[in-house]
Protein chains: 2
Amino acid sequence: MSDNNKVQDENHSFDTEFLEKLIVGIGEVSKITNIPTRQLRYWEDKKIISSLTEEEGKNRRYNYKNIKKILLIKELLDEGYSLDGAVKKIEKRIQMIESSISKIINKQ
Amino acid sequence: MSDNNKVQDENHSFDTEFLEKLIVGIGEVSKITNIPTRQLRYWEDKKIISSLTEEEGKNRRYNYKNIKKILLIKELLDEGYSLDGAVKKIEKRIQMIESSISKIINKQ
DNA sequence: TCATTTTTTGTAGATTATTTACAATTGCAA
DNA sequence: TTGCAATTGTAAATAATCTACAAAAAATGA
């Protein structure tokens, strides 16, 4: 194995660690997804999405899975679904996303 | 191609977009890397690492490349390098990391 | 159309997180 | 031990986010 490939492999294993540990604030999620923070909070109020908030009043934190779901909701809204419609539609795809994340993280 | 594989592919192309857009605050970087915020600011003062701060006084922002470099520095310190030593050692590996990131983002 | 509901958006005042800039402390090598 | 490198502490100011109110806009259905 060449030196170069070795480093690529190190990067790969780091990336899974990276995804595992990744936790992001609402401002960054807003920039990543292009959804206003106000809207993200509203969706959470309506139980459409969730975050990792430790206690009431503390800042919201989002992991990779949270962000994935947000982007999926957004996609469905763009397709014309209502929020409730999106929630109903979403179950199957969420499961696929989760199994995909689990594959990434657990290197299965 | 099965439905399942299709979704996996969608996830993959999303991930590259995700990495491209990913921007993280100092608190999150601290949690991801396990390096105190105080230390991250010190390293930046000493020009060891950099961030995407828009203006003086605004909060620091870090992208994927920034975080990669921080983790690399940490690794070298653990191996016994001094900060200056790490900076000198790092050039070649930074280049490899960058080309690796560029491959991920540009799907080359 | 009109009324109702859903969804987005605005904002004030309080709180949390980060900033800079000072300095103190710790660790290490000559 | 002396000097430099590196980390850590902290106060006061600012930035970002919080909740809780409400208003505006968009979608739905009679």
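Just so it is clear: chains get the letters A, B, ... in the order the sequence lines come, proteins before strands, and each one is counted from 1. Worth knowing before you read on, the calculation uses all heavy atoms, side chains too, and leaves out hydrogens, waters and symmetry mates.
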Using a strict cut-off of less than 4.0 Å between a Lys/Arg side-chain nitrogen and an Asp/Glu carboxylate oxygen, indicate whether B:Glu75 and B:Lys89 qualify as a salt bridge.
no
Beyond-backbone contact of [X] with [Y], side-chain heavy atoms, under 4.5 angstrom:
| X | Y | result |
| --- | --- | --- |
| A:Ile49 | A:Tyr42 | no |
| A:Leu22 | A:Asn63 | no |
| B:Asn59 | B:Ile26 | no |
| B:Lys74 | B:Asn34 | yes |

Contact class for B:Leu77 (heavy atom, under 4.0 Å): base, sugar-phosphate, or nothing?
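Sugar-phosphate only.
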How sharply is the helix from C:dT1-D:dA30 to C:dA30-D:dT1 bent, taking the axes over five pairs at either end and rounding to 10 degrees?
40°
Extract from the structure each pairing of a protein N or O with an N or O of nucleotides 13-20 of chain D at less than 3.5 Å, listing the distance.
{"unit_1": "D:dT17", "atom_1": "OP1", "unit_2": "A:Gly27", "atom_2": "N", "d": "2.9"}
{"unit_1": "D:dC18", "atom_1": "OP1", "unit_2": "A:Arg60", "atom_2": "N", "d": "2.5"}
{"unit_1": "D:dC18", "atom_1": "OP1", "unit_2": "A:Arg60", "atom_2": "NH1", "d": "3.3"}
{"unit_1": "D:dC18", "atom_1": "OP2", "unit_2": "A:Arg41", "atom_2": "NE", "d": "2.7"}
{"unit_1": "D:dC18", "atom_1": "OP2", "unit_2": "A:Arg41", "atom_2": "NH2", "d": "2.8"}
{"unit_1": "D:dC18", "atom_1": "O5'", "unit_2": "A:Arg60", "atom_2": "NH1", "d": "3.3"}
{"unit_1": "D:dT19", "atom_1": "OP2", "unit_2": "A:Arg60", "atom_2": "NH1", "d": "2.9"}
{"unit_1": "D:dT19", "atom_1": "OP2", "unit_2": "A:Arg60", "atom_2": "NH2", "d": "2.7"}

Set of residues satisfying side chain to side chain donor-acceptor pair (under 3.5 Å) with respect to A:Thr53, sequence neighbours excluded
A:Ser51
In chain order, what residues pass the salt bridge (charged side-chain N to carboxylate O under 4.0 Å, His left out) check against A:Lys65, with sequence neighbours excluded?
A:Glu98
By salt bridge (charged side-chain N to carboxylate O under 4.0 Å, His left out), A:Lys21 pairs with (sequence neighbours left out) A:Glu17
Please identify each residue that fulfils side chain to side chain contact (heavy atoms under 4.5 Å, CB included) with B:Val29, with sequence neighbours left out.
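With sequence neighbours excluded, B:Val29 shows a side chain to side chain contact (heavy atoms under 4.5 Å, CB included) to B:Val24, B:Thr33, B:Leu40, B:Tyr62, B:Ile67, B:Ile70, given in chain and number order.
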Excluding sequence neighbours, so at least two apart, what forms side chain to side chain contact (heavy atoms under 4.5 Å, CB included) with B:Lys88?
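Partners of B:Lys88 under the side chain to side chain contact (heavy atoms under 4.5 Å, CB included) test: none.
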Chain A vs DNA chain C, heavy-atom contacts under 4.0 Å, first-to-last nucleotide span, 5' to 3', is C:dT7 to C:dA17
Could you pull out every donor-acceptor pair under 3.5 Å between side chains of residues 76-84 of chain A and any protein atom, sequence neighbours left out?
{"unit_1": "A:Ser82", "atom_1": "OG", "unit_2": "A:Gly85", "atom_2": "N", "d": "3.0"}

Does B:Trp43 put a side-chain nitrogen or oxygen below 4.0 Å from OP1 or OP2 of D:dA6?
no
Protein-nucleic acid N or O pairs under 3.5 Å, nucleotides 28-30 of chain D:
none

Answer yes or no: is there a donor N or O on one side and an acceptor on the other, between the side chain of A:Thr37 and the main chain of A:Gly27, under 3.5 Å?
no
Pairs flagged by salt bridge (charged side-chain N to carboxylate O under 4.0 Å, His left out) wherever residues 27-44 of chain A is involved - sequence neighbours left out
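Only A:Glu28-B:Arg61, A:Glu44-A:Arg60 qualify under salt bridge (charged side-chain N to carboxylate O under 4.0 Å, His left out).
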